[in-house]
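Heads up, the thing below is written out as structure tokens.
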Amino acid sequence: ALEVFSRLRKDYTVQVKDLKAEVAGISSHRHAAKGFKEQLARYLAQMSEVEDEIKTCKEDLKALENEQRRLDCVMNQMDEINAELESCKNEYTTQKQVIKKQFSMLRKDLTSDLSLNELNDMLRDFESQREDQLERKKDLEAKLSALQSDLFILKGQDMDLKSRIARLEAGQEAHEQGLKARSEKLMEMIETY
């Protein structure tokens, strides 16, 4: 009978040790599960932050697209001003040639071909045309100066806008890479647990 009790005692001692090991394993799993649960909560919070950042990026992208449309408008204005500037330069060149031609006609002796009245009429016409041409020249030069000033301002705005767009695109790209890395890390953690 003592042998039976001794054997039972050994069996129970082995069972107790096994059960204690099992309880320790379960406690370890429970502790790990608690840690995983806390980590999952952190990752879910980070995911919420990432979603907020995505929303911010979309808003920044929308602002960037608006800025791009504004830049396109400025570029169109610059093209129009350049075309008008070229037109003014061409007209100025034409008027200059007309003046040279008229000036060369002044050197020609017309007294033998024309009467005094005809010469006086020609002189009045010439003076009138000359005054008109001088006034036109002043107008064109003022317009040219204004266009060049506008063009200079628009080029400065164009450079500023391009610089801002480049900075925004670089920031957006860096932000998207960060989001992608976080998302991959989060998915990796979710798959692991």
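- With sequence neighbours left out, the side chain to side chain donor-acceptor pair (under 3.5 Å) criterion links Arg70 to Glu67.
- The backbone N or O of Ala83 sits nowhere less than 3.5 Å from a side-chain atom of Ser87 that would complete a donor-acceptor pair.
- Residues meeting the side chain to side chain contact (heavy atoms under 4.5 Å, CB included) test with Arg7, sequence neighbours left out: Val4, Asp11.
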Compile the donor-acceptor pairs under 3.5 Å between side chains in residues 139-154 and protein atoms, sequence neighbours left out, one pair per line.
unit_1	atom_1	unit_2	atom_2	d
Lys143	NZ	Glu84	OE2	3.2

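- In summary, Asp158 and Lys162 engage in a salt bridge, as defined by a charged side-chain N under 4.0 Å from a carboxylate O.
- Scanning for side chain to side chain contact (heavy atoms under 4.5 Å, CB included) contacts around Glu3 gives an empty result, with sequence neighbours left out.
- With sequence neighbours left out, Gln68 forms a side chain to side chain contact (heavy atoms under 4.5 Å, CB included) with Leu71, Asp72, Ile165.
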Show every donor-acceptor pair shorter than 3.5 Å between a side-chain atom in residues 168-178 and any protein atom, with sequence neighbours excluded, or say none if there are none.
unit_1	atom_1	unit_2	atom_2	d
Gln172	NE2	Glu176	OE2	3.1
His175	NE2	Glu53	O	3.3

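- The cluster map of Ile, Leu, Val, Met, Phe, Trp and Tyr, joined by side-chain heavy atoms under 4.5 Å apart, puts Phe126 and Val98 in different clusters.
- Going from atom CE of Met47 over to atom CD1 of Ile54 covers 8.5 Å, rounded to the nearest 0.5 Å.
- The distance from atom CG of Asp60 to atom CG of Leu64, rounded to the nearest 0.5 Å, is 8.5 Å.
- Inter-residue side-chain proximity for Lys89 and Glu86 is flagged as met; some heavy-atom pair is nearer than 4.5 Å.
- Residues forming a side chain to side chain donor-acceptor pair (under 3.5 Å) with Gln157 (at least two apart in sequence, or on another chain): none.
- Note that CE of Met75 is 10.0 Å distant from NZ of Lys155, once rounded to the nearest 0.5 Å.
- Annotation: side chain to side chain donor-acceptor pair (under 3.5 Å) contacts of Arg69 (sequence neighbours excluded): Asn66.
- Residue Met159 is found outside any hydrophobic cluster, as its side-chain heavy atoms come under 4.5 Å of no other Ile, Leu, Val, Met, Phe, Trp or Tyr.
- A search for side chain to side chain donor-acceptor pair (under 3.5 Å) contacts involving Asp121 returns Arg124, not counting sequence neighbours.
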Next on the checklist: Run Lys58 and Lys55 through side-chain contact (heavy atoms from CB on, under 4.5 Å) and show every step you take.
Outcome noted: CA-CA 5 Å; Lys58 286 181 180 179; Lys55 183 180 175 185; 5.7 Å; no
With a cut-off of 3.5 Å and sequence neighbours excluded, list every side-chain donor-acceptor pair involving residues 13-34.
unit_1	atom_1	unit_2	atom_2	d
Thr13	OG1	Arg9	O	2.6
Ser27	OG	Val23	O	3.0

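- Residues passing the salt bridge (Lys or Arg N to Asp or Glu O under 4.0 Å) test with Lys96, sequence neighbours excluded: none.
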